[in-house]
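Chain A is the first sequence line, chain B the second, and so forth, proteins listed ahead of strands; every chain is numbered from 1.
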There are 2 protein chains.
Amino acid sequence: MIFFIYTNNVDLVKRFTKVGDNDLKKITIKDIAKLAGVSPSTVSNVINGVSKCSTDTRDNILALIEELNYKPNITAKSLVTKRSKLIGFVFKQDNENSFLQNLLYGIQSGIKNFPEYDIITTNINNSYNLEEWITKRNLDGIIFLGMFSSNLISKIQRLNIPILLIDNYFEQIPNINYVYSEDTLGGYLATEHLIKKKCKHIALATGSLKENELFFRRYLGYKSALEDYGIKLDGNLIFESKHIDFNSGKILGELITQNKNIDGIVSLADILAIGIIKRLNKEYNKIPDDILIIGFDNIPGCEYTTPQLSTIDQGIYEKGYKSINILINKIENNNKDSIEVQIPIKIIERESTKK
Amino acid sequence: MIFFIYTNNVDLVKRFTKVGDNDLKKITIKDIAKLAGVSPSTVSNVINGVSKCSTDTRDNILALIEELNYKPNITAKSLVTKRSKLIGFVFKQDNENSFLQNLLYGIQSGIKNFPEYDIITTNINNSYNLEEWITKRNLDGIIFLGMFSSNLISKIQRLNIPILLIDNYFEQIPNINYVYSEDTLGGYLATEHLIKKKCKHIALATGSLKENELFFRRYLGYKSALEDYGIKLDGNLIFESKHIDFNSGKILGELITQNKNIDGIVSLADILAIGIIKRLNKEYNKIPDDILIIGFDNIPGCEYTTPQLSTIDQGIYEKGYKSINILINKIENNNKDSIEVQIPIKIIERESTKK
DNA sequence: TTGAAAGCGCTAACAG
DNA sequence: CTGTTAGCGCTTTCAA
């Protein structure tokens, strides 16, 4: 039988426990208790800071914990407390989430403020049973990135754990938390930016406005800006795409080239804008001389295009960081109120609108 | 006191357990046992398929499990089996991992072949104690993406769990598994591709050849190809960059423009190539007329540039998918042999080498 | 301020 | 083929 020790003071352990020279033992709360000459419950109390005890025993126990590098077994703890300290993170493949890395990195960094917690990820497909996953792992909370059906979300809600939606806008179901960008403002600023550059016929490239509230909000910003500057909204200048990817962008680009009046494009997703640029460059190399374009998201690809794409930065890292903070606070405080947080956006001017 | 039921047959439970109308109860193995009129261990045996039992009791138990939608509590199981069924996935922010999403998606998809297992992620920074994380969560195995110091890996190894390194080449430490691409072949094919297009002075854009074995192997392919086609390797045509990102690419591009002889570039990372293209386009718009360029990785950004970047596709999704498979098989079979798997690469010809 | 005892939900001998 | 028992490492009453 081999045990493992994760301690620097093997001698101390050997002195008090039956551990041979070649054995290794993993320290438990009992070991600490025995060495400190107290009961396991006292050690547990000290660790968790519940009920006070004499400074002496406290210090003694803490010193031992430190010296033996004791780490409580989270599994055992979970079993009794019914908390896994595990947060689920769910995302789909289908959206061009070039920013997934950043977001996940933000989440991972943010969760380090809560040393007990960890992030566990999955994706879903038709046959995948998310409820089972949550139940099986006894998740304490869950984050969804992007659009998921309200049907799914409602189901998950029955499991009675805090839910946080990133970049999703549903009918406001209680006990669901939202983190998104200042999307409407972003749409406004992007449009205003073009207006101030003297664009008169500003096209809108977007995902589905009926099915995707995210785009709809950005669209509202576009609309308001036009109104504020006395430009009439022209439905013919709105180009919707079901899919949000590079090739769909090229298709929109194709359509846009057919209207020679257009002198500005607000693309509500960078990846569409990148496709549009690709298509426009093919026809005539006139960005930004004849036509300006601005995107939304600030994905890395914005820098790769020629010309480089102006855009609305949506603070992706911060989104992840904030999200995990909010969710864990909900969990810890057992707070059922629904919260909505907007991450500030900012405009990034690059070559595609430099005139 | 409120319980939760995750079952469709509340009545059945109520009949046998003290559960009021408004209570909900979470099904345990004891419930199944009681309802089936057997002992918990028998249920456990059936679930885990150990030791045979009469078809009758078996069917009966299975039917109940199905009907009550019983899911074993993985935490309780972990506590006794000492297996968390949790695989750690560690990556850094610093490399431009535009492919992280794909890779992670591959991992997540692959892990669905092992319904008990899940993937738990973290990143590391200077102060982060990875060993503590692994210990705390009692991880069954761990995957590293990219370069990590052999120092770190050795430390982790002491924890005695299977380790799998993706895109990393260390001195071959035993019990460590490797998944990487056919990097040398890729370097060879990329170079040969340019040679066949009549390039005579082929520059190499790369990360550090001393510090990063990944690039070194790709470089070996470059070198072999030149040899095979009787072209002398010219050290002046090798451009190393410490960092692998877009801006470093632009810097390399700057250097490359200073040697007017160069008529082909093999870039051992797409992201460098994209920067190079950006810089070259500024000077003279002569890709692919005067100078060809091919990258390595096939990240989405390859399509966004003008011209679009030819490259070596390294099967990122498959890498993730295979990796998790290998690792879990190691765990399940308690197999200590070290394994190395190469994911096949293929050349993708786009505009930047179309001549 | 501390400890004894029970138990979270499961598995693993060992008996029967 | 099945049940009894003990116990994983921790927390949580409750009593001392």
Side-chain angles (χ1 to χ4, degrees), chain A residues 1 3-6 13 17 25-62 65 68-85 116 135-138 140, chain B residues 1 3-6 17 25-62 64-65 68-85 116 135-138 140:
Chain A
M1 184 72 172
F3 298 89
F4 308 106
I5 292 195
Y6 304 114
V13 179
T17 57
K25 179 170 187 335
K26 188 151 176 183
I27 311 294
T28 74
I29 203 169
K30 279 188 192 166
D31 297 321
I32 302 288
K34 192 185 282 181
L35 292 172
V38 298
S39 77
S41 17
T42 303
V43 178
S44 174
N45 285 339
V46 168
I47 291 170
N48 297 298
V50 300
S51 88
K52 38 193 76 90
C53 64
S54 76
T55 324
D56 269 12
T57 52
R58 218 187 89 92
D59 289 350
N60 190 221
I61 288 170
L62 255 23
I65 288 178
L68 297 184
N69 194 24
Y70 164 70
K71 302 287 168 212
N73 180 326
I74 223 173
T75 309
K77 183 172 178 168
S78 288
L79 186 58
V80 29
T81 61
K82 313 243 180 263
R83 303 218 133 179
S84 61
K85 308 285 178 178
E116 283 193 317
T135 311
K136 183 191 78 176
R137 280 288 174 193
N138 191 22
D140 289 345
Chain B
M1 184 71 172
F3 298 88
F4 307 105
I5 293 195
Y6 304 113
T17 57
K25 179 167 185 341
K26 188 152 176 181
I27 310 294
T28 74
I29 202 171
K30 278 188 193 168
D31 297 321
I32 302 289
K34 192 185 283 180
L35 292 170
V38 300
S39 78
S41 21
T42 301
V43 178
S44 174
N45 284 339
V46 168
I47 292 170
N48 297 300
V50 300
S51 88
K52 40 192 74 94
C53 63
S54 74
T55 323
D56 269 10
T57 52
R58 218 187 87 92
D59 290 351
N60 190 220
I61 289 169
L62 256 22
L64 273 169
I65 288 178
L68 297 183
N69 193 25
Y70 164 71
K71 302 289 166 212
N73 180 326
I74 225 174
T75 309
K77 183 171 179 168
S78 288
L79 188 57
V80 29
T81 60
K82 313 240 181 268
R83 303 219 135 179
S84 62
K85 308 284 179 179
E116 283 194 317
T135 310
K136 184 191 76 177
R137 280 289 173 194
N138 191 22
D140 289 344

Inset, instruction - Please check the phosphate of D:dG9 (OP1 and OP2 only) for any side-chain N or O of B:K82 closer than 4.0 Å. - result: yes
Legend entry - Nearest heavy atoms of B:P40 and B:A33, plus distance in Å: N-CB, 3.6 Å
Legend entry - Nearest non-hydrogen partners of B:R137 and A:K85, listed with the distance: NH2-O, 2.6 Å
Legend entry - Point-to-point distance, once rounded to the nearest 0.5 Å, from CD1 of B:I65 to CG of B:L62: 5.5 Å
Legend entry - Separation of atom CD1 in A:I29 from atom P in C:dA5, rounded to whole Å: 17 Å
Inset, instruction - Of all the heavy-atom pairs spanning A:T75 and B:L79, show the shortest one and how long it is. - result: CG2-N, 3.7 Å
Inset, instruction - Please state whether the phosphate of C:dG9, meaning OP1 or OP2, lies under 4.0 angstrom from any side-chain nitrogen or oxygen of B:T28. - result: no
Inset, instruction - Figure out the NZ/C1' separation between B:K71 and C:dG9, and round it to whole Å. - result: 16 Å
Legend entry - Separation of C:dT11 P from B:K85 NZ (nearest whole Å): 10 Å
Inset, instruction - Would you please confirm or rule out a distance under 4.0 Å between OP1 or OP2 of D:dT12 and any side-chain N or O of A:S44? - result: no
Legend entry - Under 4.0 angstrom between B:Y70 side-chain N/O and C:dG9 OP1 or OP2: no
Legend entry - Nearest-angstrom distance from the residue atom CD1 of A:I61 to C1' of C:dG3: 12 Å
Legend entry - B:S84 side chain vs B:N138 backbone, donor-acceptor pair below 3.5 Å: yes
Legend entry - Spacing between B:K30 atom NZ and D:dT4 atom P, to the nearest angstrom: 13 Å
Legend entry - Nearest heavy atoms of B:I32 and B:L64, plus distance in Å: O-CD1, 4.0 Å
Legend entry - Any B:N48 side-chain N or O less than 4.0 Å from OP1/OP2 of C:dT11: yes
Inset, instruction - Specify the closest pair of heavy atoms between A:D140 and A:K82, including all atoms of both residues, with the distance to one decimal. - result: OD1-O, 4.4 Å
Legend entry - Distance in angstrom units between B:R58 CZ and D:dC1 P, rounded: 11 Å
Legend entry - Sugar-phosphate only, base, or nothing, as touched by A:T57 at under 4.0 Å among non-hydrogen atoms: sugar-phosphate
Legend entry - For atom CG of B:N73 and atom C1' of D:dG9, their distance in whole Å: 14 Å
Legend entry - Contact list for DNA chain D against residues 36-43 of chain B - heavy-atom distance below 4.0 Å: B:G37, B:V38, B:S39, B:S41, B:T42
Legend entry - Separation of B:L35 CG from B:L68 CG (nearest 0.5 Å): 6.0 Å
Legend entry - Counterpart residues, side-chain contact (heavy atoms from CB on, under 4.5 Å), relative to A:N48 (two or more places apart): A:S44, A:V50, A:K77
Inset, instruction - Counting heavy atoms from C-beta on, name the nucleotide in D:dG7, D:dG9, D:dC10 closest to the side chain of B:L79. - result: D:dG9
Inset, instruction - Please tell me which of the listed nucleotides, C:dA12, C:dG9, D:dG9, lies nearest to the side chain of B:T81? - result: C:dA12
Inset, instruction - To the nearest 0.5 angstrom, please state how far the OG1 atom of A:T135 sits from the OH atom of B:Y70. - result: 12.5 Å
Legend entry - Between the first and last five pairs of the helix from C:dT1-D:dA16 to C:dG16-D:dC1, the angle of the axes, rounded to 10 degrees: 40°
Legend entry - Protein-nucleotide distance (B:K34, atom NZ; C:dG9, atom C1'), rounded to Å: 14 Å
